[in-house]
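Shown next, in structure tokens, is the structure this report addresses.
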Amino acid sequence: MAAALSKADVALGRLDGAVATLPHPELFTAMYVRREAVLSSQIEGTQASMDDLVAAEARFSGERPVGDVNEVINYVAALTAGIERLKTLPLSSRLLREIHARLMQDVRGGHATPGEFRTTQNWIGPQNATLADAVFVPPPPETVAEHVADLERFLHAPSDLALLIRIGLAHAQFETIHPFVDGNGRLGRLLITFLLCENQVLSKPVLYVSLALKKRRQEYYERLQAVRDRGEWEPWLVFFLECVTEAAQDAARTVRNILALREEHRDAVVGAMGARVGKALTLLEGLFQDPYLDVNQAAEALGVSFVNANNIVAEMERLGILREVTGQKRHRLFVYERYLALFRDI
């Protein structure tokens, strides 16, 4: 366990150093948040992809999409709201209920008391399993508030335990309490991120373990169940630390790839855009936050006419930076394809 903890700490330190090299880290954190939302939701069975999410955000600015994409959009909103809320409210049962309400708004399971601890018995098992077929039965509903209060005290009590060990313990305990009717898996993974942010482990919220957990999903469930059945905490913690290490290494690699791509495309723009280079570079920087756009959005962002914006977008398409994805002559939508590809599940 000491070796696994040491590797995780080193990986986190390298990630923090890599993030510090980004010229505008705040532009890139939005994409990390989106990828975490997609992957954590996929662990629970949603089918929405990263492309579905960012395309929906680009197309549905005035209305909400439905289905799996809506669940992922809720996750993005819940994660973003939680990180902001931590500035004024410590991680607590109150915060968890607030974030759960945001997570479950108008989605599957949204009828099941969003933002409120469960008042009925739930269980974990195969699809359509009854209580008799359950793999695990969480504590009875009348004890949930007490168990969550115990978890809250554990999180804020002075401790000699390493922070990552405490986070691993907290995640397993939250999933075991299963305090809500639905959404516990997603909220439990949000808890990991919130604890890292609250304790300022990283300068920016760019560590998310859902990709590593998704790759080892069966082991993830088995390790948690072994804690409940046989008290096998140490194997669970080693597994958790390995996932943290993998997630940190993956994020650092993505940062390096982002820097290389940005440098390549800035050079291409400078070499080809002439008098329009300043506006084109501004548009390029914005694509690192929102990789979809149309010409009207470009014109508004740059403060130029539709014709001028269309010329800039067309030149960036010719350079291979943007790709038109609708196949239409009007109301065309463009994507920063190579950047988006860095955040797709591998």
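Comment: Glu246 engages Lys215 in a salt bridge, judged by a side-chain N to carboxylate O separation of less than 4.0 angstrom. Between Glu98 and Arg102, no side-chain nitrogen of the basic residue sits less than 4.0 Å from a carboxylate oxygen of the acidic one, so the salt-bridge criterion is not met. For the pair Glu198 and Arg85, the salt-bridge criterion is not met [side-chain N within less than 4.0 Å of a carboxylate O]. Ionic pairing of Arg262 and Asp267 is not present here: no N-O contact between side-chain nitrogen and carboxylate oxygen is shorter than 4.0 angstrom. Look at Arg338 and Glu264 and you find a salt bridge, because one of the NZ, NE, NH1 or NH2 atoms lies within 4.0 Å of a carboxylate O, short of that distance.
Judged purely by atom type and a 3.5 angstrom limit, Trp236 uses its side chain to pair as donor or acceptor with the backbone of Gly168. Using modelled atom types, one side-chain atom of Asn74 and one backbone atom of Gln105 make a donor-acceptor pair closer than 3.5 Å. Glu152 places a side-chain N or O within donor-acceptor distance of the main-chain N or O of Ser93, the cut-off being under 3.5 Å.
Side chains of Asn122 and Arg118: a donor-acceptor N/O pair is present below 3.5 angstrom, by distance only. With no hydrogens or angles considered, a side-chain donor-acceptor pair links Ser49 and Asp52 at under 3.5 Å. A donor-acceptor contact closer than 3.5 angstrom links the side chains of Glu36 and Tyr75. No side-chain donor-acceptor contact under 3.5 Å links Ser40 and Arg186. Side-chain N/O atoms of His265 and Tyr336 include a donor and acceptor closer than 3.5 Å. Between the side chains of Thr254 and Asn257, not a single donor N or O lies within less than 3.5 Å of an accepting N or O.
Test Leu151, Leu91, Leu190 against Leu96 for side-chain contact (heavy atoms from CB on, under 4.5 Å) and you get one pass: Leu91.
Judged as a side chain to side chain contact (heavy atoms under 4.5 Å, CB included), and not counting sequence neighbours, the contacts of Val137 are Gln121, Trp123, Leu131, Ala134. Scored by the ring pair (Phe, Tyr, Trp, His ring centres under 6.0 Å) test, Tyr220 finds His171 as partners (sequence neighbours excluded).
Separation of the Phe117 and Phe180 ring centroids falls under the 6.0 Å cut-off. In this structure, the ring of Tyr32 has its center no less than 6.0 angstrom from the ring center of Tyr208.
In this structure, Arg228 forms a cation-pi arrangement with Phe136, its terminal cationic atom sitting closer than 6.0 Å to the ring centre and no more than 45° off the ring axis.
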